[in-house]
K.L.:
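The structure is given below, and queries will be raised subsequently.
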Amino acid sequence: MNMHHLRVNDDDEDVDRLRTFSASKGGIINRGDSFRRRRSRSNSLAPASPMHARNGVGGLGGNTGGGSSQGLGSGYNGGGSSSNGFGHGQNAQENHQPVEFYRVEMLGSAGVGKQALVSQFRTSDCINAYDGPECDEGEQNISIILNGTESELKFLTGSPESKDELEEADAFLVVYSCIDKESFTRAKQILSRLQDMDLHRHRPIILVANKIDLARSRAVSAQDGKCLACAFGAKFIEVSVGINHNCDELLAGALTQIRLKKDQNMLQLNPKKSKDKSKIKDNKTVETLETDKFLTDLNADDGGHRDGSSPAHWYKSRSVMLASMKARQMLTWILGKEDSKFKHCENLQVL
């Protein structure tokens, strides 16, 4: 039986697919997919405005066991909830708590696999991206339970032009094809633009190299991807939609990055609380803040321009940064030991 035809689409009126993951030091564990009646999910949702991460609350925590209240199908197995949709120790009022809602912009050249990647996010089954029908939807919602907390991610694959449109996003996935050098160059331009608009500081950015299964046609090395990601303070991951490689890791990792960034933003808004927390998470926070400080220093050289008319010195500084990253990578390759900075940029479970 072709499992591709069993995927739940947005057109299905009765049921929704709920993806469930748990994260540990060993990586992401896929707990399987479950189904529930769509109307039960609508009952659990609050108005969108207080749920948005940029509005201070982000997503209300504490909704363990999936955060959904009623009408769960008997196949529901996420977050340790019982089959009737009520988690242990919860009452009916708690089950009506809203889920977290986030917007994720997927940016990149045409043909790099953005639509196929979102389609694979929807299911644990391999969709056979090379053989399956193309999806032309501009946005798709995916419900996820990660470590017992439910969230809904809206993936947008359009081409936003204005800063106002981009500011609506909670995260950016910049996708290129490792067999297409031009798409890599385009990804570099997109990262530069996001940095010019100062959109990187409070939103996670993940550089995604797709189609790594086509190894014989590879035109962009993994090292080049890591160097570019590190130069812009982004995360990096290589995936293949064709063989469903690292797609779950990217989906769960993107949500983890959003949650971590939201927590960091809240700490920065509350300096007193941040001072207390820094005793526990000092190493991770300092590294992130140092990256932001470095990028801020580069922005200072820009003279405040963010409309694409930056002076040549700003672009020269970027080139120097990329060159230094490549030199650092070459040195670690010669010494036979991978640099911790490059390892860090591939770890989507930390900032």
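Note: hydrogens, waters and symmetry copies are ignored here, and every other heavy atom, side chains too, is used. Just so you know, residue 1 is the first one in the sequence shown, and it goes up from there.
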K.L.:
Would you say the side-chain atoms of Lys235 pair up with the backbone N or O of Asn347, donor to acceptor, closer than 3.5 Å?
P.N.:
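At least one qualifying donor-acceptor pair exists.
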K.L.:
Can you tell me how the ring of Tyr176 sits relative to the ring of Phe184, calling it parallel under 30°, perpendicular over 60° and tilted otherwise?
P.N.:
perpendicular
K.L.:
Going from OG on Ser217 to CD1 on Ile212, what distance comes out if it is rounded to the nearest 0.5 angstrom?
P.N.:
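Atom-to-atom, Ser217:OG and Ile212:CD1 are 13.5 Å apart.
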K.L.:
When rounded to the nearest 0.5 angstrom, what is the spacing between CG in Leu156 and CD in Glu165?
P.N.:
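It is 10.0 Å, given to the nearest 0.5 Å.
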K.L.:
Please evaluate residues Asn210 and Val175 with respect to the criterion side chain to side chain contact (heavy atoms under 4.5 Å, CB included), reporting the C-alpha separation (whole Å), side-chain torsions for both, the decisive distance (0.1 Å), and the verdict.
P.N.:
CA-CA 7 Å; Asn210 190 22; Val175 187; 4.3 Å; yes
K.L.:
Nearest 0.5 Å, what's the CE-OG1 distance between Met106 and Thr157?
P.N.:
7.5 Å
K.L.:
May I ask you to check whether Arg259 and Ser151 show a side-chain donor-acceptor distance below 3.5 Å?
P.N.:
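Distance-only check passes for Arg259 and Ser151.
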K.L.:
Evaluate the criterion side chain to side chain contact (heavy atoms under 4.5 Å, CB included) for residue pair Val350 and His344; output intermediate values, then yes/no.
P.N.:
CA-CA 8 Å; Val350 298; His344 182 81; 3.5 Å; yes
K.L.:
Of all heavy-atom pairs between Asn244 and Ser124, which one has the smallest distance, and what is that distance?
P.N.:
ND2-O, 3.5 Å
K.L.:
For the residue pair Ser240 and Leu214, establish whether any side-chain heavy-atom pair is separated by less than 4.5 Å.
P.N.:
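No, side chains not in contact.
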K.L.:
Would you say the side-chain atoms of Asp33 pair up with the backbone N or O of Arg17, donor to acceptor, closer than 3.5 Å?
P.N.:
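No, Asp33 side chain to Arg17 backbone: no donor-acceptor pair under 3.5 Å.
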K.L.:
Can you check whether Leu107 reaches Leu194 side chain to side chain, under 4.5 Å on heavy atoms?
P.N.:
yes
K.L.:
Where do Phe236 and Cys230 land on the side chain to side chain contact (heavy atoms under 4.5 Å, CB included) test, with the steps shown first?
P.N.:
CA-CA 8 Å; Phe236 176 74; Cys230 289; over 6 Å; no
K.L.:
Are any side-chain N or O atoms of Lys211 and backbone N or O atoms of Val241, one a donor and one an acceptor, separated by less than 3.5 Å?
P.N.:
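No; zero donor-acceptor contacts below 3.5 Å.
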K.L.:
Got Asn265 and Lys261 here, is their nearest side-chain heavy-atom distance under 4.5 Å?
P.N.:
yes
K.L.:
Does Glu182 CD have over 12 foreign heavy atoms under 6.0 Å away?
P.N.:
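Count not over threshold, so no.
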K.L.:
Decide, yes or no, whether a salt bridge links Arg203 with Glu105 under the criterion of side-chain N to carboxylate O below 4.0 Å.
P.N.:
no
K.L.:
Determine whether a donor-acceptor pair (N or O, by modelled atom type, separation under 3.5 Å) exists between the side chain of Gln349 and the backbone of Ser24.
P.N.:
no
K.L.:
Just so I know, are the side chains of Asp224 and Lys188 near enough to count as touching, which here means a heavy-atom distance under 4.5 Å?
P.N.:
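Side-chain contact under 4.5 Å: no.
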K.L.:
One thing to verify: whether Asp248 and Arg19 come together as a salt bridge, which I'm taking to mean a side-chain N less than 4.0 angstrom from a carboxylate O.
P.N.:
yes
K.L.:
Is any side-chain heavy atom of His245 less than 4.5 Å from a side-chain heavy atom of Asp213?
P.N.:
no
K.L.:
Is there side-chain contact between Phe155 and Leu251, with heavy atoms separated by less than 4.5 Å?
P.N.:
yes
K.L.:
When you measure from the side chain of Ser183 to the backbone of Ser177, do you find a donor-acceptor pair of N or O atoms at a distance under 3.5 Å?
P.N.:
yes
K.L.:
How long is the gap from CG on Leu153 to CZ on Phe101, to the nearest 0.5 Å?
P.N.:
9.0 Å
K.L.:
Show the nearest heavy-atom pair for residues Leu207 and Gly225, with the distance to one decimal.
P.N.:
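That would be CD2-O, 3.5 Å.
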K.L.:
CD of Glu100 to NZ of Lys262: how many Å apart, nearest 0.5 Å?
P.N.:
4.5 Å
K.L.:
Hey, are the side chains of Gln140 and Phe121 touching, using non-hydrogen atoms and a 4.5 Å cut-off?
P.N.:
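A side-chain contact under 4.5 Å is absent here.
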K.L.:
Determine the minimum heavy-atom distance between Gly242 and Cys126, stating which atoms define it.
P.N.:
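Distance-wise, the nearest heavy atoms are O-SG, 3.9 Å.
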K.L.:
Whether the side chain of Gln120 engages the backbone of Ile127 through a donor-acceptor N/O pair (distance < 3.5 Å, no angle test) should be reported.
P.N.:
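Yes: the side chain of Gln120 pairs with the backbone of Ile127.
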K.L.:
Backbone N or O of Lys154 within a donor-acceptor pair of the Asn141 side chain at under 3.5 Å?
P.N.:
no
K.L.:
With sequence neighbours left out, what residues match Thr185 under side-chain contact (heavy atoms from CB on, under 4.5 Å)?
P.N.:
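For Thr185 the side-chain contact (heavy atoms from CB on, under 4.5 Å) partners, ignoring immediate neighbours, are Gln189.
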K.L.:
Return the minimal non-hydrogen interatomic distance between Lys181 and Ala219, and the atom names on each side.
P.N.:
CD-O, 4.0 Å
K.L.:
Which pair of non-hydrogen atoms, one from Leu18 and one from Ser143, has the smallest distance, and what is that distance?
P.N.:
CD1-CB, 3.5 Å
K.L.:
Walk me through whether Gln195 and Leu191 qualify under side chain to side chain contact (heavy atoms under 4.5 Å, CB included).
P.N.:
CA-CA 6 Å; Gln195 194 169 353; Leu191 290 172; over 6 Å; no
K.L.:
Measure the CD1-CZ distance between Ile145 and Phe21 for me, rounded to the nearest 0.5 Å.
P.N.:
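Reported value, rounded in 0.5 Å steps: 11.0 Å.
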K.L.:
If we only count heavy atoms from C-beta on, is the Phe172 to Leu166 side-chain gap below 4.5 Å?
P.N.:
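They are in contact (side-chain heavy atoms under 4.5 Å apart), so the answer is yes.
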K.L.:
Give a yes or no answer on whether the side chain of Lys163 reaches the backbone of Asp198 with a donor-acceptor pair at less than 3.5 Å.
P.N.:
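Flag not set: sc Lys163 to bb Asp198 has no pair under 3.5 Å.
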K.L.:
Between Ile28 and Ala252, which heavy-atom pair has the shortest distance, and what is it?
P.N.:
CD1-CB, 3.6 Å
K.L.:
Hey, any chance Leu117 and Ile243 share a hydrophobic cluster, counting ILVMFWY side chains that come within less than 4.5 Å of each other, even indirectly?
P.N.:
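No, Leu117 and Ile243 fall in different hydrophobic clusters.
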